[in-house]
Amino acid sequence: DSSDWSCGYDALFTILWNVRVDNGDVWLRTLSAAGQLAGTLVDSLVLLDISAPMLERVRDAMRDTLASHYPAEFPRRGHALTSVSDLVFRLFTHVRTYGSSKACCGACGFSAVQRTDLTGTLLWTVMPELTRRLYVQGHETTSQNVIDLMLSSTCVVRCTACREDVIVRTELFNAPPLVVLDVSTGADVIPNTSLTIPVNGSARTWRLCGAIYHGYSHFTARYVASNGSVWYHDGANTGSYCV
């Protein structure tokens, strides 16, 4: 929408729609557990046939809903910027968690469960602290390495018993239906074609299904189909379609 900028919504919804085409409605409905906003989006996508104009109507309806709930984050009119990370966070942050984060102090033995965003949302954000650690290892890394680091050293907290710094580690006991990795902090990350994450003691695998790019106040997207073909979407150049 050249009048009311929509490229961030287009990039995310294009990927979700195509994953639904590949994986079916059963997968899509697993996203509904995130809450009312996610449920509204999923119900709308399930009712759609493969029609670009109808998908745009769903996008506009979701923009109206998000703007009414979070007007500062999702302005509805004009050339206003929107964060795709905020969009994923607001749509797909669950009341129930997928795992737990725990700090176990090596100095005094005290342990405590920590509240982290990592276990309650589909958005996994690479924070500046982790970005600095990645650059110590080298200027280039992979998405698998980033995920491994986020789980093994989610953050550092102060032990409430002895005041020593303690690394927080995260374990998953349920598999999220989608993992969105946000590397907008500047880390140079090469996406793996698949990710392996331990869930409740067993290795689970997620395939790469898309990437969203941002630059010069504009979002574009690539979708990776289950057969390995790659499709490109840029609303300013490809319109309503992927090429």
Side-chain angles (χ1 to χ4, degrees), residues 12 19 27 30-35 37-38 83-138 140-212:
L12 177 62
V19 176
W27 172 84
T30 62
L31 299 178
S32 296
L37 289 174
S83 165
V84 172
S85 297
D86 288 346
L87 182 57
V88 173
F89 185 79
R90 291 302 185 187
L91 285 173
F92 303 120
T93 295
H94 290 226
V95 176
R96 295 180 299 166
T97 62
Y98 292 107
S100 64
S101 299
K102 183 179 290 187
C104 298
C105 182
C108 71
F110 181 78
S111 65
V113 174
Q114 303 289 319
R115 283 189 63 88
T116 64
D117 287 339
L118 199 59
T119 59
T121 176
L122 302 185
L123 178 70
W124 294 31
T125 301
V126 179
M127 304 303 289
E129 174 189 317
L130 183 59
T131 301
R132 288 191 291 271
R133 273 184 282 161
L134 290 170
Y135 273 110
V136 170
Q137 297 181 3
E140 196 173 85
T141 189
T142 65
S143 53
Q144 181 68 66
N145 186 38
V146 171
I147 292 292
D148 292 342
L149 279 174
M150 293 178 80
L151 292 172
S152 63
S153 52
T154 307
C155 60
V156 176
V157 297
R158 189 66 58 85
C159 177
T160 56
C162 70
R163 310 308 294 170
E164 290 290 322
D165 286 342
V166 183
I167 293 175
V168 176
R169 293 178 170 82
T170 299
E171 294 182 350
L172 300 186
F173 46 70
N174 286 314
L178 184 71
V179 175
V180 181
L181 184 63
D182 175 7
V183 294
S184 58
T185 53
D188 190 2
V189 178
I190 298 173
N192 296 93
T193 55
S194 64
L195 291 174
T196 300
I197 302 174
V199 178
N200 205 22
S202 300
R204 300 288 296 271
T205 301
W206 285 254
R207 72 170 180 87
L208 177 66
C209 63
I212 296 176

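Predicted model, so just to flag it, every value in this text is computed and none were measured.
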Can any side-chain N or O of S153 pair as donor or acceptor with the backbone N or O of I167 at less than 3.5 Å?
no

Closer than 3.5 angstrom, by distance alone: can the side chain of W124 be matched with the main-chain N or O of I147 as a donor-acceptor pair?
no

What I'd like to find out is whether the side chain of T193 reaches to under 4.5 Å of the side chain of R207, using heavy atoms alone.
no

Has the side chain of R204 got a donor or acceptor atom that lies under 3.5 Å from a matching backbone atom of V199?
no

Any side-chain donor-acceptor pair under 3.5 Å between S101 and T170?
yes

About how many Å separate CG of L195 and OG1 of T205, when rounded to the nearest 0.5 Å?
8.5 Å

Heavy-atom pair with the smallest gap, counting every atom of T119 and S100:
CG2-N, 3.7 Å

If I compare all heavy atoms of V183 with all of V126, which pair ends up nearest, and what's the gap?
CG1-CG2, 3.7 Å

Side chains of F89 and V84 in contact at under 4.5 Å (non-hydrogen atoms)
no

Report yes or no: does T121 contribute a side-chain atom to a donor-acceptor pair with the main-chain N or O of F92 at less than 3.5 Å?
yes

Pair T142-V189, side-chain contact (heavy atoms from CB on, under 4.5 Å): steps then yes or no
CA-CA 5 Å; T142 65; V189 178; 5.7 Å; no

Check: D165 and C159 side chains under 4.5 Å, non-hydrogen atoms:
no

Any side-chain heavy-atom pair of Q144 and T196 under 4.5 Å:
yes

Measure the shortest side-chain to side-chain distance between Y98 and L122 over non-hydrogen atoms and say whether it is less than 4.5 angstrom.
yes

Work out which heavy atom in P198 is nearest to a heavy atom in L151; give both atom names and the distance.
CD-CD1, 4.4 Å

Look at the side chain of T93 and the backbone N and O of R90, then say whether any donor-acceptor pair between them is shorter than 3.5 Å.
no

A quick test of your reading: do over 12 heavy atoms of other residues, nucleotides or ligands sit less than 6.0 Å from CD of E171?
no

Side-chain heavy atoms of C162 within contact of F110, under 4.5 Å
no

Over all atoms of both residues, closest heavy-atom pair of W206 and L178:
NE1-N, 4.3 Å

Run the side-chain contact (heavy atoms from CB on, under 4.5 Å) check on L12 and L91 step by step: do they pass?
CA-CA 11 Å; L12 177 62; L91 285 173; 4.2 Å; yes

Measure the shortest side-chain to side-chain distance between T141 and I190 over non-hydrogen atoms and say whether it is less than 4.5 angstrom.
no

Could you walk me through whether T125 and M150 pass the side-chain contact (heavy atoms from CB on, under 4.5 Å) check?
CA-CA 9 Å; T125 301; M150 293 178 80; 5.6 Å; no

Validation row: L208, N192 side chains within 4.5 angstrom (heavy atoms):
no

For A107 against E164, the heavy-atom pair lying closest together:
CB-CG, 4.0 Å

